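Data block below; observations after.
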Number of protein chains: 2
Amino acid sequence: MSQPATVADVAAAAGVSRQTVSNALNRPEIVRPATLTRVRAAIDELGYRPHASARRLRTRQSSTLGVRLPPVHGISGAVLDRFLHALVERADERGMRILLFTATDLDDELAHMERLVEGSDVDGFVLTSTAHGDPRAAWLGERDVPFVTFGRPWGVPDMDDAPHPWVDVDGRAGLREATAGLVARGHRRIGFLGWPSPSGQGDERRLGWRDALGDAGLGAPPAGSADAGLGAPPAGSADAGLGAPPAGSADAGLGAPPAGGADAAADGATGAGSGSASGAVDLACEDDVAAATAVVAAALQGGTVFDAVVCASDTLALGARFALGAEVPVVGYDDTPVAAAVGISSVEQPLDAAAAAAVELLMGSGRSVLPASGGHRLLAPHVVWRG
Amino acid sequence: MSQPATVADVAAAAGVSRQTVSNALNRPEIVRPATLTRVRAAIDELGYRPHASARRLRTRQSSTLGVRLPPVHGISGAVLDRFLHALVERADERGMRILLFTATDLDDELAHMERLVEGSDVDGFVLTSTAHGDPRAAWLGERDVPFVTFGRPWGVPDMDDAPHPWVDVDGRAGLREATAGLVARGHRRIGFLGWPSPSGQGDERRLGWRDALGDAGLGAPPAGSADAGLGAPPAGSADAGLGAPPAGSADAGLGAPPAGGADAAADGATGAGSGSASGAVDLACEDDVAAATAVVAAALQGGTVFDAVVCASDTLALGARFALGAEVPVVGYDDTPVAAAVGISSVEQPLDAAAAAAVELLMGSGRSVLPASGGHRLLAPHVVWRG
DNA sequence: TTGAAAGCGGTACCAA
DNA sequence: TTGGTACCGCTTTCAA
């Protein structure tokens, strides 16, 4: 067992040529069964394993996908983590491996990608979301390097005809389901807590909330009500909200149409301080627990009444939870361990399906990466209800 | 730019032999400066990059480290995430890359590792903590495959003479610092919330808490008070070390014995009931927010008075926070985004240093993995104070 | 210091 | 179907 066995050894042991060994391994169907058995026996006996680098040199395929490990991801880090996990598994099923790289900025990332491509280290990439004019996409496109993004290419005119394949989760559908679920549970004054516009994902999720309110005849505030850029309040400004008073007044009961009708629900839209009684309030702040707490607390202070709140992230949801207490249902997004731990309902992304779709877009149904192509998948998430 | 350039192309362009090109790349010091310049110019001009697989085939080095992406990691997932990130960077500095693999169980993991090793896909591994008799360590050891673990090898008699190199973070020192910091801030009734024994990391952290109490002359409950083989109690059951007898007689402590002084300072500091006067309570439950909340709440109910609580994890800390409110300081462990978000102090692991140490143990100061060796690094974490 | 030639371990191509 | 041979791109060995 000193020197690892090579094809030559196996060939000799089985009394065949090296080529036959290779065939037995890669295209068993064209080898006569008897020969195959003999070769396989020899392989087992010698403990032979093909040398991956030798094969890659010859075939000019690295069977490797490059993935950038994004810098830092806050509370939602687990999402990428889980996606990565699923990706490794799905890739493995197709004989592909995942090579990691990191980068400090876009230029650095490009440099890394260039090295990997030119060193034939990878056959393609799985990138996180790209935006219009993203230099990575352009660079890869020019060189016909196959890649797929997890996250749609924001900013392109027609996403159905995107410049590159992508996979994404339909946050709009997710928030729609979440909101509808709350409606079904009898809630009526359902607020939304998201990020300031413009934000690709954030705006999508807001739309989902609006959709559901519309579906339920609850009406939604005029589009853009919260877009008036309440600049991100400084973090930590008000974690006093921890002990915030519970929303005092209750909800309209199940089944009973909310008093005041649809439009009334939109009154007073955003912000702290307006004395609106409506719960269909559209709040926004940066993705930070303290900021979220502050925003929600301020809204309560201003007289806003919430029956429930759906959020664009678990971070925001956690903040909202602190401000609202456990009595007012909050739904987050990403189903992070924190949400599970704290008992907050959350929209769970189908990460395994996303990974599978990414691999499929890159490789079709075969075992090698296809030439750069198009296509995309928009996957529906689902709510994990808790509490 | 159709066909990537090879050494031959560069050699031709520079008017030298292929060998000289190779030397210019790998051992520039033995090439005459003039020639070097010429070769480098040709390389730049042609955009030449060495073909990684070809090099690996020839050198029999994959320049790749295998890392298993652990199954699921809860609230502390970010830890591994950040370690991985740092590892990729540190490895990159040494010309090494990180290849991911996953596995459903130990057997599967072994199978994957075997494939990677025998296919010469990796030169070594970075594994998460191993325990005594871990088949992975044995398997790798037998084959002289270099590897290092992040996490010490629990269960070996003498860790200074461990069977393989390891890197770990000194949780004991971390909790000692956390506890001492609380003492310095005037807290006296400092409880500990950890995991049921036996738990390698958990028991270490508990010791750190005890150390600091001892240092401060506050005394700690007799060792083992919570270790009495409470096999992990079901979630939510709040019995664990609850009734831990107060450490009436403290040890000498440093400087002036606190006697009444220190203790008096703690009197009534916390809002719970009366009952037990000691806050040096040693609690334990599984790593779950709800369970932690329950345990702490039960302790409060039972009359325990807490001045502050140090925890074995941010998960537990979050649970404690829920039970105690924001007035009683809680210190967690891992400095996860959640702790930051919620404003809980936490012991931060020096993940970048850990990654650097892992690489160094594997590669020394060179650019290739050394034969399996020994050695280890125990790194001191530090508390990030908040609130 | 530089050059020529021989592999590293597989697979592609072609002939048998 | 099987076997022979060239060759993937680089580095190592040995001469010059």
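Please read all numbers here as calculations on a predicted model, not as lab measurements. Below, read A as the first sequence line, B as the second, and so on, with proteins coming before strands; counting in each chain starts at 1.
Of the side-chain N and O atoms in A:T20, one or more sit less than 4.0 angstrom from OP1 or OP2 of D:dG3. OP1 or OP2 of D:dT11 has at least one side-chain nitrogen or oxygen of B:S22 nearer than 4.0 Å. A close approach under 4.0 Å does occur between a side-chain nitrogen or oxygen of A:T35 and OP1 or OP2 of D:dT2. Between D:dT11 and B:R55, a contact under 4.0 Å exists linking OP1 or OP2 to a side-chain N or O. Side-chain nitrogen and oxygen atoms of A:N23 include none within less than 4.0 Å of the OP1 or OP2 phosphate oxygen of C:dT11.
A donor-acceptor pair is defined here as one N or O able to donate and one able to accept, closer than 3.5 Å; no such pair exists between the side chain of A:R49 and the backbone of B:G119. Between the side chain of B:R94 and the backbone N or O of B:G366 there is at least one donor-acceptor pair closer than 3.5 Å. Here the side chain of A:S53 pairs no donor or acceptor atom with the backbone of B:L57 at under 3.5 angstrom. Under a 3.5 Å cut-off, the side chain of A:R55 and the backbone N or O of A:Q61 do not form any donor-acceptor pair.
Nearest nucleotide to the side chain of B:R32, out of D:dT1, C:dT1, D:dG3: C:dT1. With distances taken from any side-chain atom of B:T6 to the nucleotides C:dA4, D:dC10, C:dT11, the minimum falls on D:dC10. Distances were taken from every side-chain heavy atom of B:V16 (C-beta onward) to each of C:dG10, C:dG3, C:dT11; the shortest belongs to C:dG3. When each of D:dG4, C:dT2, D:dC10 is scored by its nearest atom to the side-chain atoms of B:V7, the top-ranked nucleotide is D:dC10.
With rounding to whole Å, A:L36 atom CG is found 12 Å from D:dT1 atom P. Residue A:R27 contributes atom CZ, which lies 8 Å from atom P of C:dA12 at whole-angstrom precision. Taking atom CG on B:L57 and atom P on D:dC10, their separation rounds to 12 Å, with Å as the unit. Across the protein-nucleic acid pair, A:R56 atom CZ and D:dC10 atom P stand 16 Å apart, rounded to whole Å. Distance, A:R58 CZ to C:dG7 P: 18 Å, rounded to whole Å. Rounded to a whole Å, the NE2 atom of A:H51 is 11 Å from the P atom of C:dC8. Summarising the geometry, the separation between CG on B:N26 and P on C:dT1 is reported as 16 Å, rounded to the nearest angstrom. Rounded to whole Å, the distance from CD on B:Q19 to C1' on D:dA16 is 14 Å.
Nearest-nucleotide assignment on DNA chain C puts the 5′-proximal partner with B:G15, out of B:T59 and B:G15. Taking for each of A:R18 and B:R18 the nucleotide of DNA chain D with the nearest heavy atom, the 5'-most of the two is the partner of A:R18. Comparing A:A54 and B:R38, the nucleotide of DNA chain C nearest to each residue sits closer to the 5' end for B:R38.
Across all strands, B:R49 comes closer than 4.0 Å only to sugar-phosphate atoms, never to a base (heavy-atom distances). Note on B:V31: only backbone sugar-phosphate atoms sit closer than 4.0 angstrom, heavy atoms only; bases stay farther off.
When the options A:R136, A:H164, A:R152 are evaluated for a side chain to side chain donor-acceptor pair (under 3.5 Å) with A:T130, the one that passes is A:H164.
Pairing each heavy atom of A:D123 with each of A:S63, the nearest pair is OD2-N, 2.7 Å.
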